[in-house]
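Source: prediction; values computed, not measured. The analysis underlying the following values was restricted to heavy atoms, covering all of them including side chains, and did not include hydrogens, waters or symmetry mates.
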Amino acid sequence: MPSWIRAVILPLSWLLLSLRAAADVKARSCGEVRQAYGAKGFSLVDIPYQEIAGEHLRICPQEYTCCTTEMEDKLSQQSKLEFENLVEETSHFVRTTFVSRHKKFDEFFRELLENAEKSLNDMFVRTYGMLYMQNSEVFQDLFTELKRYYTGGNVNLEEMLNDFWARLLERMFQLINPQYHFSEDYLECVSKYTDQLKPFGDVPRKLKIQVTRAFIAARTFVQGLTVGREVANRVSKVSPTPGCIRALMKMLYCPYCRGLPTVRPCNNYCLNVMKGCLANQADLDTEWNLFIDAMLLVAERLEGPFNIESVMDPIDVKISEAIMNMQENSMQVSAKVFQGCGQPKPAPALRSARSAPENFNTRFRPYNPEERPTTAAGTSLDRLVTDIKEKLKLSKKVWSTLPYTICKDESVTAGTSNEEECWNGHSKARYLPEIMNDGLTNQINNPEVEVDITRPDTFIRQQIMALRVMTNKLKNAYNGNDVNFQDTSDESSGSGSGSGCMDDVCPTEFEFVTTEAPAADPDRREEDSAAAQLGHSLLSWCLVCVVLALQRLCR
């Protein structure tokens with residue numbers, strides 16, 4: 001090669017190398033990263049102006065980088081906080097649903113009871129005057145016990161209602177027989193004749209059916225709203241594992257370290273990270289969905305045969321109807337009681353001078369429609385339950401869909417339409433690994449998150465158990481049964497207020513495919529005699545004893 005050509009080529013080669021080196025220096029600048037890092041509120045002291053060797057990095061690719069060890073640590077904590085906030089924000093709807101609807105239902109129920117008590121008191125003061133006021137504690141105790149039951153008190157509804165009618169019979173028996181003096185023992189004997197004599201007609205039986213099933217459904221429903229609220233609040237506060245934090249850092253902030261702060265993660269990459277981090281939450285979904293289904297079915301009961309509003313609004317009228325039945329049958333009732341309990345002693349002359357008609361001859365005058373109290377809490381049960389049902393349906397599958405909801409957020413990922421220009425964990429390119437299925441056991445081959453599938457989250461398992469117990473209670477409430485569970489594996493164990501299902505009102509077994517039990521004829525007469533009922537009770541008791549004995553032998 002001629003010397004003059006060599007003399008020209010060599011300088012040109014040096015010039016090209018110099019230009020390439022200058023271009024490389026410009027490409028390795030950390031100016032854009034410094035700006036994004038500072039926007040997060042971090043000090044720029046830790047960040048270099050140009051890329052440095054990345055052997056010190058523990059999470060991000062150990063190539064030329066804009067991240068120091070201090071930056072990697074701070075960004076790891078930042079990714080943890082952002083993840084916790086994302087989960088809390090994404091589950092905000094379900095949490096507020098249960099909080100607000102629980103508050104509204106509780107407010108409605110309490111006001112409904114207060115209105116019913118006030119309505120009865122006003123009616124009876126006007127109708128019976130001083131006679132009612134002297135015996136008002138019998139009615140006040142009834143509402144006190146109903147409120148105590150609703151708020152979780154250990155109240156057996158059937159026993160409490162039986163006691164109410166027995167006490168009312170004692171008081172009325174004295175009022176319709178003022179010419180006699182009755183001892184405590186004699187009045188106790190009178191109360192034993194409540195079921196046999198039926199002094200109040202069929203009102204106590206019908207009211208017991210309506211009150212027990214309506215209160216069981218209402219109390220269990222509001223307990224379900226409480227459990228849903230508590231579970232949602234607890235599960236939404238996640239504590240990511242070290243493996244999850246590493247994966248979050250790699251997904252959210254390793255682009256910073258590679259000098260690509262504006263490049264967002266690929267959508268499928270985000271899904272695998274979130275499915276690994278939220279594997280235990282996804283396992284909650286099955287029990288959560290069963291719980292929601294049970295809530296919806298009890299809600300339908302509240303709209304239909306177990307409507308607490310239709311029971312409590314006219315309860316004053318029904319009790320007054322029972323009192324009128326007692327008045328009309330007072331002579332027959334008194335004669336049968338005297339026959340069974342003995343002839344009572346005459347009262348002192350002053351009392352015997354007053355006859356029954358002068359003391360207790362008032363007839364009930366019903367309210368005019370305009371005198372009725374306004375609807376509780378500014379709404380009706382039907383409207384309230386319809387609203388709750390709509391919100392409950394939207395909360396199904398909320399925990400298994402968390403990863404999809406989070407990764408759909410434009411501030412988190414590049415979206416599904418930008419699969420080539422997104423961060424795949426190593427560079428700006430398409431993400432190739434397949435998406436994992438939901439749940440803990442499916443994360444064994446998760447390429448992004450180290451998940452120990454042999455160690456389920458204890459906290460999540462506790463929430464699963466809480467939902468399972470509540471679902472069992474809802475099943476029983478759907479059937480009109482009130483059971484306090486001691487062993488969640490046995491849905492029929494425990495004790496409570498018994499069944500509010502009579503006259504074939506409720507099915508014998510809870511089925512999710514069933515939304516309505518066949519309605520009963522409320523006016524159907526009882527076909528069984530007292531002797532038959534006694535025989536049935538003895539047979540039932542014997543069967544219970546046999547079952548308990550077998551259970552002990554099995555243990």
Side-chain angles (χ1 to χ4, degrees), residues 91-123 139-155 157 160 210-234 236 291-292 294-316 367 369-395 466 470 473-474 477-478 482 497 500:
S91 60
H92 179 262
F93 167 78
V94 69
R95 288 184 289 113
T96 54
T97 290
F98 279 91
V99 170
S100 61
R101 269 55 190 182
H102 173 272
K103 182 176 182 295
K104 191 69 175 176
F105 191 89
D106 183 65
E107 177 187 348
F108 172 85
F109 197 95
R110 291 174 186 273
E111 194 169 321
L112 182 68
L113 289 179
E114 289 174 5
N115 286 351
E117 184 174 13
K118 182 179 184 301
S119 177
L120 184 143
N121 185 72
D122 292 347
M123 175 195 293
F139 304 92
Q140 291 169 359
D141 289 347
L142 169 66
F143 283 96
T144 298
E145 289 299 286
L146 289 175
K147 291 173 187 175
R148 193 163 72 87
Y149 172 83
Y150 169 71
T151 55
N154 186 22
V155 177
L157 285 176
M160 183 271 291
Q210 296 166 346
V211 169
T212 51
R213 68 189 188 185
F215 268 78
I216 288 167
R219 181 172 86 160
T220 309
F221 190 71
V222 81
Q223 286 176 345
L225 291 173
T226 303
V227 169
R229 178 191 68 190
E230 294 304 317
V231 169
N233 282 337
R234 290 166 183 164
S236 64
F291 161 71
I292 296 298
M295 287 288 290
L296 289 170
L297 285 174
V298 173
E300 290 180 5
R301 284 287 199 229
L302 288 171
E303 289 178 312
F306 297 0
N307 190 310
I308 190 74
E309 191 173 25
S310 65
V311 173
M312 294 309 298
D313 269 354
I315 196 170
D316 49 5
Y367 269 120
E370 61 270 15
E371 291 179 297
R372 273 282 175 198
T374 56
T375 308
T379 186
S380 68
L381 184 66
D382 288 342
R383 287 199 298 270
L384 186 59
V385 172
T386 298
D387 172 66
I388 294 174
K389 283 170 59 181
E390 290 174 358
K391 297 299 187 295
L392 288 177
K393 289 173 184 176
L394 294 174
S395 70
M470 192 64 241
K473 290 186 177 182
L474 289 162
Y478 175 83
D482 192 16
S497 293

Listed by chain and number, what are the salt bridge (Lys or Arg N to Asp or Glu O under 4.0 Å) partners of [X], not counting sequence neighbours?
{"X": "K393", "answer": "none"}
{"X": "D387", "answer": "R101, K391"}
{"X": "E114", "answer": "none"}
{"X": "K103", "answer": "none"}

In Å, rounded to the nearest 0.5 Å, how long is the span from [atom1] of [X] to [atom2] of [Y]?
{"X": "E117", "Y": "M312", "atom1": "CD", "atom2": "CE", "result": "9.0 Å"}
{"X": "I315", "Y": "S119", "atom1": "CD1", "atom2": "OG", "result": "10.5 Å"}
{"X": "E300", "Y": "T386", "atom1": "CD", "atom2": "OG1", "result": "10.0 Å"}
{"X": "T220", "Y": "F306", "atom1": "OG1", "atom2": "CZ", "result": "10.5 Å"}
{"X": "F291", "Y": "M470", "atom1": "CZ", "atom2": "CE", "result": "7.0 Å"}
{"X": "L302", "Y": "R213", "atom1": "CG", "atom2": "CZ", "result": "11.5 Å"}

Next item on the list: State which residues pass side chain to side chain donor-acceptor pair (under 3.5 Å) with S236; sequence neighbours excluded, sorted by chain then number.
Entry: R95
Note to self: What I want to check is whether the side chains of S380 and E309 have a donor and an acceptor closer together than 3.5 Å.
What the structure shows: no
Check: Looking at residues at least two apart in the chain, or sitting in another chain, which of them share a ring pair (Phe, Tyr, Trp, His ring centres under 6.0 Å) with F143?
Finding: none
Least distance between heavy atoms, [X] atom then [Y] atom:
{"X": "F98", "Y": "L225", "value": "CD2-O, 3.5 Å"}
{"X": "F108", "Y": "L381", "value": "CZ-N, 3.6 Å"}
{"X": "V94", "Y": "A232", "value": "CG1-CB, 4.3 Å"}
{"X": "A214", "Y": "V311", "value": "CB-CG2, 4.0 Å"}
{"X": "A217", "Y": "V298", "value": "O-CG1, 3.9 Å"}
{"X": "V211", "Y": "L157", "value": "O-CD1, 4.5 Å"}

Decide yes or no for [X] and [Y]: does some side-chain heavy atom of the first lie under 4.5 Å from some side-chain heavy atom of the second?
{"X": "L474", "Y": "L297", "value": "no"}
{"X": "T151", "Y": "R110", "value": "yes"}
{"X": "Y150", "Y": "D106", "value": "yes"}

Check: Taking the six-membered ring for Trp, are the ring centroids of F215 and F109 within less than 6.0 Å of each other?
Finding: yes
Margin query: If we check side-chain contact (heavy atoms from CB on, under 4.5 Å) with M160, which of these qualifies: T144, D141, L146?
Written below: L146
Note to self: Using modelled atom types and a 3.5 Å cut-off, is there a donor and acceptor pairing between side-chain atoms of T96 and backbone atoms of F93?
What the structure shows: yes
